[in-house]
Amino acid sequence: MTEYKSDLLRLLSERGHIHQLTDAQGLDALAAKEIVVAYNGYDATAPSLHVGNLASVMLLRRLQQAGHKPIALMGGGTTKIGDPSGKDTSRQMLTEEIIAANIAGIRKVFDRLLTFDDSATGAIMVNNDDWLSKLGYIELLRDVGPHFTVNRMLTFDSVKLRLDREQPLTFLEFNYMILQAYDFRELALRHGCRLQFGGSDQWGNIVNGIELTRRMNGIEVYGATTPLLTTADGAKMGKSVNGAVWLNEEMLPNYDFWQFWRNTDDRDVGRFLRIFTDVPLDEIARLEALQGSEINAAKAVLANEVTALIRGREAAEAAQATAQATFAGGGLGQDLPTLEVGDGSIGVIEALIGLGFAASRGEAKRLIAGGGARLDGEPVRDDTAVIEVLAERRLSSGKKKHGIIKPA
RNA sequence: GGACAGGUGGCCGAGUGGUUAAAGGCAGCAGACUGUAAAUCUGCCCGCGCAAGCGUACGCUAGUUCGAAUCUAGCCCUGUCCA
């Protein structure tokens, strides 16, 4: 079953990108004989993608590496509605200006991971607002409406989940799946797109798109879903201290991004190396076989390679140097959060807040009371303590979060 | 439009007049153990304050009461069923 003829499916399956395929043989045959145009859709709800989206971007990267053409579809139009899939509450609707700004932010990561040009395999980015916002209601009902039955729509997990949980599902959101199916057909017509990727929660939407395209235009298209990425301890991938692990540097510093990967669960290292890096498979096999504390070396490779891909080699090296100095040397690295003090001294509480280690004075006090605050490695027990800042000093929250306090 | 059920802290979910800043769980933070891992155990977990305490908080508004998340009225929102 893993014996694919096409380089594409072989590559994707050995890297762990595939969960389900609508027609494995048909797609395999297609990919073996011609350039396949494939897309993945992205919401424009935030100014950056996050780690939860990264697997799909890597997937498009591999597609291009295998000699095919990726389309990054920006959901500028559908973002105006809100996807009910897997969510239990409606999403806030955004204005056109915000959506446009978000798309510009999201574009950055694609520029790093895909090659955009006019060649046959050059990546392109399109916005479904281009066609969705021009759509007339009557026209849509007439052309698309007959191909969907409500009976069927009600059986999709995305809808059932909301209904079962007794959470509201508005008609607006209910229509999301129709628009998404329409996207696939539109891309098939405009760009010869034959394949849609999506998370496993998008299966229903993808299938709808395939059927709609076939019924309206007689074109056979395919779908593939990616596994839902969870960490080994069962949590959704991509959450961190302050929420999402953003891909854009403005949203999350390089060092924190690097640290996120460095702290990967042992059991996830091999899987993540395959999905999120271009490290050769035999090298990954070697790395994930490391036992005990040696696997930390594999985590460093993971952190370096992902950071290099998303933030640039230089950023990865700087982050690693900082981590090296901070953890192995017990010293300071320049990528650590830094607080400049003008008066030569500062209260511990203010310092903890200033470095972002505590959100409020109360939180800072609790940290100190719990023995989690350390100045140059020594626990600070007194929350009224004043730190003399004549040279660089190291203030830590717990064992992993370190910061620099230095004279201005 | 009608009947019934419901709206509690980031989430889930107890609580039906004071002892409730609100049980419990999850998530989060910290400590121990370690390998910057996991699991486990322990502490913390609205804000301000050294503290006593103060301020906010149980859909919204107005009431009853010495005292309300808990009672009353109106409103808003959601679900289920009926029209």
Side-chain angles (χ1 to χ4, degrees), chain A residues 84 86-90 154 159-174 230-245 255-273 287-288 290-304 307 319-333 335-336 347-350 352-353 355-375 377-386 394-403:
Chain A
K87 307 210 175 55
D88 41 16
T89 45
S90 309
L154 289 174
V159 172
K160 259 201 317 202
L161 184 77
R162 282 286 273 279
L163 296 179
D164 290 348
R165 285 181 148 202
E166 298 194 351
Q167 293 284 352
L169 174 68
T170 61
F171 184 66
L172 183 81
E173 294 173 285
F174 190 54
T230 53
T231 53
D233 51 355
K236 252 181 249 157
M237 175 85 195
K239 295 288 181 213
S240 81
V241 199
N242 302 313
V245 178
Y255 174 71
D256 293 332
F257 186 79
W258 193 92
Q259 279 293 321
F260 168 78
W261 295 99
R262 175 56 248 271
N263 284 307
T264 297
D265 190 300
D266 285 7
R267 296 164 289 178
D268 293 326
V269 174
R271 193 160 52 108
F272 287 0
L273 277 167
L287 288 170
E288 71 179 335
L290 293 173
Q291 293 301 310
S293 62
E294 293 192 345
I295 199 156
N296 283 334
K299 293 183 188 181
V301 171
L302 175 65
N304 280 338
T307 306
Q320 186 182 27
T322 292
Q324 182 73 23
T326 308
F327 289 97
L332 296 163
D335 266 13
L336 293 177
V348 222
I349 293 177
E350 285 69 31
L352 287 169
I353 294 172
L355 285 169
F357 293 162
S360 67
R361 297 181 58 82
E363 202 177 294
K365 286 182 198 173
R366 276 179 236 123
L367 178 68
I368 293 166
R374 286 187 176 81
L375 180 63
E378 293 299 312
V380 178
R381 292 287 175 189
D382 177 10
D383 60 27
T384 61
V386 172
R394 162 169 148 151
L395 185 64
S396 315
S397 165
K399 300 236 166 87
K400 289 190 202 165
K401 285 183 284 186
H402 306 284

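Below, chain A is the first sequence line, B the second, and so on; all start at residue 1.
Across B:G49 and B:G43, the matching C1' atoms stand 22 Å from one another, rounded to whole Å. When the P atom is compared between B:A14 and B:A62, the two are found 30 Å apart, to the nearest whole Å. Between the C1' atoms of B:C45 and B:G25, the separation comes to 14 Å (whole Å). With C1' as the reference atom, B:A21 and B:A68 are 15 Å apart, rounded to whole Å. For B:U34 and B:C41, the C1' atoms lie 14 Å apart once the distance is rounded to whole Å. Spacing between B:G10 and B:A57 at atom P, rounded to whole Å, works out to 13 Å. Distance check on atom C1': B:C71 versus B:U64 gives 8 Å, rounded to whole Å. Nucleotides B:G24 and B:G15 place their P atoms 14 Å apart, quoted to the nearest Å.
A close approach under 4.0 Å does not occur between any side-chain nitrogen or oxygen of A:R366 and OP1 or OP2 of B:G28. Between A:K401 and B:C29 there is no side-chain polar atom (N or O) within less than 4.0 angstrom of OP1 or OP2. At B:C29, none of the side-chain N or O atoms of A:K400 fall inside 4.0 Å of OP1 or OP2 (strictly under the cut-off). One finds no side-chain N or O of A:S360 lying less than 4.0 angstrom from the OP1 or OP2 phosphate oxygen of B:C46.
Atom CG in A:D383 sits about 17 Å away from atom P in B:C44, given to the nearest Å. Between the CZ atom of A:R267 and the C1' atom of B:A39 there is a distance of 8 Å, rounded to whole Å. Counting to the nearest Å, the C1' atom of B:U34 and the NZ atom of A:K299 are 11 Å from each other. Computed from coordinates, the A:D268 CG to B:G35 P distance equals 20 Å when rounded to whole Å. B:G35 atom C1' lies 11 Å from atom CG of A:N263, rounded to whole Å. One atom, CG of A:D265, and another, C1' of B:A37, lie 6 Å apart when rounded to the nearest Å. Distance, A:F260 CZ to B:U36 P: 19 Å, rounded to whole Å. Atom-to-atom, CZ of A:R361 to P of B:G47 comes out at 12 Å; the value is rounded to the nearest Å.
For the pair A:A323 and A:I353, nearest-nucleotide mapping onto RNA chain B gives the more 5' position to A:A323. Along RNA chain B, the nucleotide nearest A:E294 and the nucleotide nearest A:K365 are compared for position; the residue whose nucleotide lies closer to the 5' end is A:E294.
Of the inter-residue distances, the one linking A:W258 atom CH2 with A:D335 atom CG reads 10.5 Å to the nearest 0.5 angstrom. To the nearest 0.5 angstrom, A:L273 atom CG is 6.0 Å from A:L287 atom CG. Atoms OG1 and CG, from A:T322 and A:L336 in turn, are 5.5 Å apart once rounded to the nearest 0.5 Å.
Using N1 to N3 plus N6-O4 or O6-N4 for Watson-Crick, or N1-O2 and O6-N3 for G-U wobble, each under 3.5 Å, B:G1 pairs with B:C82. When both distances must be under 3.5 Å, the Watson-Crick or G-U wobble mate of B:A52 does not exist. Pairing partner, B:C60: B:G74, with both Watson-Crick or wobble hydrogen-bond distances short of 3.5 Å. Nucleotide B:C44 has B:G28 as its partner under the Watson-Crick or G-U criteria, with both atom distances under 3.5 Å. Shown here, B:A14 forms no base pair; nothing in the strands shown gives a Watson-Crick or G-U wobble contact with both key distances under 3.5 Å. Pair check for B:A38 finds none; no Watson-Crick or G-U wobble contact set falls under 3.5 Å.
Side-chain proximity of A:K399 to the nucleotides B:U36, B:G49, B:U34 is greatest for B:U34.
Contact record, A:A300 with A:Q320: CB-NE2, 4.3 Å, taken as the closest heavy-atom pair. Summarising the geometry of A:I353 relative to A:S360, their closest heavy-atom pair is CD1-C, 3.8 Å, with the distance given to 0.1 Å. Heavy atoms only, all atoms of each residue included: A:D383 and A:I368 are closest at CB-CD1, 3.6 Å.
Inspection of the A:N296 and A:R262 side chains reveals an N or O donor paired with an N or O acceptor under 3.5 Å.
A:T384 comes within 4.0 angstrom of nothing in the nucleic acid, heavy atoms only. Nucleic acid contact class of A:G362 (heavy atoms, under 4.0 Å, all strands): sugar-phosphate only. Within 4.0 Å of A:W258, counting heavy atoms only, lies at least one base atom of the nucleic acid.
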